[in-house]
Peer 1: 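Sharing a structure with you now.
Counting convention: from 1, in listed order, for ligands and their atoms alike.
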Amino acid sequence: MHQITGKTRLLGVIGDPVEHSRSPAMHNAAIATLGLDYLYLPFPVKADQLAEAVAGFEAIDLVGFNVTIPHKQAIMSFLAEISPLARTIGAVNTVWRTADKNWQGTNTDVVGFISPLQSLQRDWQQVRPTILGYGGAARAVAVGCAQLGCPEIAVIGRNEEKLTRFVASWQQSDLAGRVKAYSWDKLAELVSQSDLLVNTTPIGMWPHIDASPIEKTMQLKPTAIAYDLIYTPSPTRFLQQAQNQGAIALDGAEMLVQQGAAALQIWLDREVPVDVMRQAMLPG
Ligand code: NAP
């Protein structure tokens, strides 16, 4: 068993809530496999306590940490360096300290999101994706679709003002002119035309497992990929509907594993055992 001593180096995740995060199990399993003297802990940090948390991490010389809701945007003002990718997304999920003790941040959600898609044979230049929702995860998904090569990205949401803001937010980036907004009443049409449908809304997440963002009558393309960022339950009702129509279904588990693996690789500066992390994040 791993002996925790004064020399044990610390990693962690900050968020609120963070009590049910699977990241500690995933990271500590990988650390144990590598035989390293590190420990990854969940740190519940309220929205108004971020400054104190970062100061505390400096005092105890924490190596790095993941960032989840509600700190993904707010953390940016504490960082000396932010990767261009994280700037484009407007959110940071991975932070570490450089040799000169400055905090640096990036976003590994894009790597996580595209990883399961890259193993599918597709000419991404021909793929028309639709993103359901325009929140934090949708931003990483939009950048991921652009990185894959999708020329145009449809986003559908229920609030016109937020939709307009989402589209406008890409004006200074590579995605300018490529993100098109649609109101929720266009859902059936988009579902029938899209090659990749990504649910970034929480509709269907446990405990609301009977809910789906799409209606029973909506028809997907038979060659479509349905991707739900939710991983509890798996499959969600949305993915069950898609599978019943012959579409390929992907849940959010692999995204979670791959974003975590990318973060751990940054902190440890070495290859990490992704299989061990995948196994450790499975429930029970
Ligand atoms: P968020 O910023 O709160 O965004 C949620 C989005 O869903 C918003 O656009 C919201 O629109 C929309 N929405 C919520 N309820 C809706 C409804 N009934 N009808 C239509 N739209 C609705 O959350 P997030 O951080 O992007 O996370 C979104 C989901 O992705 C969560 O389920 C999260 O667990 C999952 N996620 C998974 C991973 C992974 O690694 N697998 C990573 C990140 C996130 P309004 O603003 O109008 O409410």
Side-chain angles (χ1 to χ4, degrees), residues 13 15-23 25-27 47 66-75 86 89-94 107-117 130-144 153-167 169 179 181-188 190-191 197-215 218 226-239 249-264 274 277-278 281-283:
V13 53
D16 181 31
V18 85
E19 288 80 356
H20 302 291
S21 170
R22 297 204 196 153
S23 294
M26 205 165 71
H27 287 282
N66 280 133
V67 186
T68 187
I69 291 171
H71 306 300
K72 281 186 170 188
Q73 282 90 38
I75 193 68
I89 297 169
V92 161
N93 79 333
T94 302
N107 194 309
T108 64
D109 281 337
V110 175
V111 176
F113 168 70
I114 62 177
S115 171
L117 292 171
T130 295
I131 305 172
L132 283 67
Y134 37 53
R139 301 192 64 80
V141 169
V143 172
I153 299 147
V155 60
I156 186 157
R158 59 181 174 176
N159 180 302
E160 294 286 339
E161 207 182 303
K162 289 186 185 179
L163 264 181
T164 308
R165 248 186 283 147
F166 185 87
V167 173
S169 71
V179 181
Y182 297 86
S183 56
W184 204 260
D185 58 358
K186 296 282 187 300
L187 186 58
L190 283 171
V191 165
L197 276 169
V198 188
N199 178 34
T200 76
T201 78
I203 306 170
M205 187 156 67
W206 191 88
H208 307 289
I209 60 170
D210 292 327
S212 169
I214 68 165
E215 284 163 35
M218 292 183 184
Y227 195 154
D228 203 330
L229 298 201
I230 295 169
Y231 48 87
T232 315
S234 178
T236 54
R237 178 55 56 92
F238 166 56
L239 292 186
L250 299 173
D251 69 16
E254 191 62 14
M255 174 172 173
L256 184 75
V257 170
Q258 296 289 350
Q259 64 76 29
L264 193 60
V274 180
M277 297 179 82
R278 190 177 292 118
M281 77 79 68
L282 295 172

Peer 1: Determine, stepwise, if the pair Glu254 / Tyr231 fulfils side-chain contact (heavy atoms from CB on, under 4.5 Å).
Peer 2: CA-CA 9 Å; Glu254 191 62 14; Tyr231 48 87; over 6 Å; no
Peer 1: Put together the list of close N/O pairs, under 3.5 Å, between ligand 1 and the protein, could you?
Peer 2:
| from | atom 1 | to | atom 2 | distance (Å) |
| --- | --- | --- | --- | --- |
| ligand 1 | 2 (O) | Gly136 | N | 3.0 |
| ligand 1 | 9 (O) | Tyr134 | N | 2.9 |
| ligand 1 | 9 (O) | Gly135 | N | 3.3 |
| ligand 1 | 15 (N) | Arg158 | NH2 | 3.4 |
| ligand 1 | 18 (N) | Arg158 | NH1 | 3.3 |
| ligand 1 | 26 (O) | Gly136 | N | 3.2 |
| ligand 1 | 26 (O) | Ala137 | N | 2.7 |
| ligand 1 | 40 (O) | Leu256 | N | 3.4 |
| ligand 1 | 41 (N) | Leu229 | O | 3.0 |
| ligand 1 | 41 (N) | Gly252 | O | 2.9 |
| ligand 1 | 46 (O) | Lys162 | NZ | 2.7 |
| ligand 1 | 47 (O) | Tyr134 | OH | 2.6 |
| ligand 1 | 47 (O) | Arg158 | NE | 3.2 |
| ligand 1 | 48 (O) | Arg158 | NH2 | 2.7 |

Peer 1: Show me the pairs that pass salt bridge (charged side-chain N to carboxylate O under 4.0 Å, His left out) and involve residues 201-210, at least two apart or across chains.
Peer 2: Asp210-Arg237
Peer 1: Would you sort out whether Thr200 and Arg139 count as a side-chain hydrogen bond (donor to acceptor under 3.5 Å, both in side chains), showing the intermediate values?
Peer 2: CA-CA 10 Å; Thr200 76; Arg139 301 192 64 80; over 6 Å; no
Peer 1: Would you find more than 12 non-hydrogen atoms of other residues, nucleotides or ligands less than 6.0 Å from Trp184 atom CH2?
Peer 2: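 Yes, CH2 of Trp184 has more than 12 neighbouring heavy atoms, counting only those of other groups under 6.0 Å.
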Peer 1: Are the charged groups of Asp109 and Lys72 less than 4.0 angstrom apart, N to O?
Peer 2: yes
Peer 1: Report yes or no: is the cationic atom of Arg158 (NZ for Lys, CZ for Arg) under 6.0 Å from the centre of the six-membered ring of Tyr134, at an angle within 45° of the ring normal?
Peer 2: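 No cation-pi geometry.
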